[in-house]
Novice: 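Below you'll find the structure I mean.
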Amino acid sequence: AQSVSQHNHHVILSEAASLELGCNYSYGGTVNLFWYVQYPGQHLQLLLKYFSGDPLVKGIKGFEAEFIKSKFSFNLRKPSVQWSDTAEYFCAVNAWDSNYQLIWGAGTKLIIKP
Amino acid sequence: DTEVTQTPKHLVMGMTNKKSLKCEQHMGHRAMYWYKQKAKKPPELMFVYSYEKLSINESVPSRFSPECPNSSLLNLHLHALQPEDSALYLCASSLQPNTEAFFGQGTRLTVV
């Protein structure tokens, strides 16, 4: 069965620090990859997605992610975080042979200290 | 219009009550979803409608009953819920089943 692993459950950074959140998935076929963010008290929002093409994808709010097929990874990065980036971040994957059901990672709680 | 609208935002119901959650989108999306989310956890898929047909039911108890009256609307009928069903219920939609999902704000349900 497919699974998604997010390595860090809690990350605490100071403002202006660089961010990298890890995401690995277990599936050998073609996948679509997503990062969602849930700010406190708000709904899940799509940060970025990868379907095909350039493995470096840019999303909203200065986030980017790199798909490395050989490592089954889709890590999220931001060069300089802000206090407003405090949120829960979820990596998710879907594939054609599971009816494109989204498989979610456990989430990473990111806290940015002002 | 890029929103998925859910009503109500909050709901408190007793274990013998019957209530319904509503979801609406006007983006022309043909797949709609109900998810359940407990605090600090990822969403758990409950139901998927694709082209108004129920395509995935993740073995959800029968006290939850989905309905898709048309391509823009999705309902979740609740009956005889248990306190452990208290959670945030999220509706989402996507253009096609394999494209990105857009989520509503959710209904915070408390069963007493």
Side-chain angles (χ1 to χ4, degrees), chain A residues 1-6 8-11 21 23 25 27 29-52 57 59-60 63 65 74 86-111, chain B residues 1-10 21 23-25 27 29-51 53-60 74 87-109:
Chain A
Q2 294 176 42
S3 65
V4 178
S5 296
Q6 290 184 242
N8 311 100
H9 294 297
H10 290 89
V11 173
L21 301 182
C23 173
Y25 63 93
Y27 181 66
T30 301
V31 295
N32 300 321
L33 299 151
F34 308 86
W35 275 98
Y36 282 88
V37 62
Q38 193 167 29
Y39 297 103
Q42 294 193 29
H43 64 289
L44 279 160
Q45 298 174 45
L46 181 70
L47 267 182
L48 43 76
K49 63 187 180 188
Y50 175 79
F51 287 175
S52 63
V57 292
I60 61 171
F63 285 90
F74 190 55
T86 294
E88 188 90 27
Y89 291 80
F90 293 98
C91 180
V93 170
N94 71 15
W96 70 272
D97 60 349
S98 59
N99 290 313
Y100 292 106
Q101 175 187 336
L102 272 174
I103 309 298
W104 296 83
T108 297
K109 173 69 177 173
L110 175 65
I111 297 173
Chain B
D1 185 354
T2 58
E3 282 193 351
V4 176
T5 305
Q6 289 187 244
T7 55
K9 288 187 169 44
H10 301 273
L21 309 184
C23 174
E24 193 168 1
Q25 58 86 15
M27 296 179 277
H29 289 178
R30 303 314 303 269
M32 295 187 76
Y33 313 82
W34 280 114
Y35 284 90
K36 174 183 177 180
Q37 188 180 26
K38 290 278 202 179
K40 303 183 191 305
K41 298 288 186 187
E44 300 169 39
L45 183 64
M46 299 175 73
F47 302 104
V48 178
Y49 276 86
S50 181
Y51 292 85
K53 287 188 169 40
L54 184 62
S55 64
I56 300 175
N57 174 344
E58 293 288 300
S59 301
V60 177
L74 189 64
L88 182 67
Y89 287 83
L90 296 167
C91 175
S93 71
S94 60
L95 185 64
Q96 302 286 344
N98 64 330
T99 58
E100 65 271 27
F102 292 80
F103 284 82
Q105 295 269 12
T107 294
R108 176 72 60 190
L109 174 68

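Remember, it's a predicted structure, so these values are computed and weren't measured experimentally. Just so we're on the same page: letters track the sequence lines, and every chain starts at 1.
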Novice: What part of B:Gln37 is in contact with chain A, defined as an atom under 4.5 angstrom from a non-hydrogen atom: side chain, backbone, both or neither?
Specialist: side chain
Novice: Heavy-atom distances under 4.5 Å only: say whether B:Ala101 touches chain A with side chain, backbone, both or neither.
Specialist: both
Novice: Please name the pair of heavy atoms, one in A:Phe90 and one in B:Pro42, separated by the smallest distance, quoted to 0.1 Å.
Specialist: CE2-CA, 3.4 Å
Novice: For B:Glu100 and A:Tyr36, which heavy atoms make the closest approach, and how far apart are they?
Specialist: C-OH, 3.9 Å
Novice: Kindly compute the distance separating NE2 (A:His43) from CD (B:Glu3), expressed to the nearest 0.5 Å.
Specialist: 7.5 Å
Novice: Looking at B:Lys41, I'd like to know if its NZ atom is crowded, meaning that more than 12 non-hydrogen atoms belonging to other residues, nucleotides or ligands lie closer than 6.0 Å.
Specialist: no
Novice: A side-chain contact here means heavy atoms from C-beta on lying under 4.5 Å apart; do B:Leu45 and A:Leu102 qualify?
Specialist: no
Novice: Please look at A:Gln45 and chain B and tell me whether the side chain, the backbone, both or neither of the residue comes under 4.5 angstrom of a heavy atom of that chain.
Specialist: neither
Novice: Select one option (side chain, backbone, both, neither) describing which atoms of A:Leu44 are under 4.5 Å from chain B's heavy atoms.
Specialist: both
Novice: Below 4.5 Å from any heavy atom of chain A, which atoms of B:Tyr33 appear? Answer side chain, backbone, both or neither.
Specialist: neither
Novice: As an exercise: rank B:Ala31, B:Gly104, B:Gly106 by heavy-atom pairs under 4.5 Å with chain A and give me the winner.
Specialist: B:Gly104
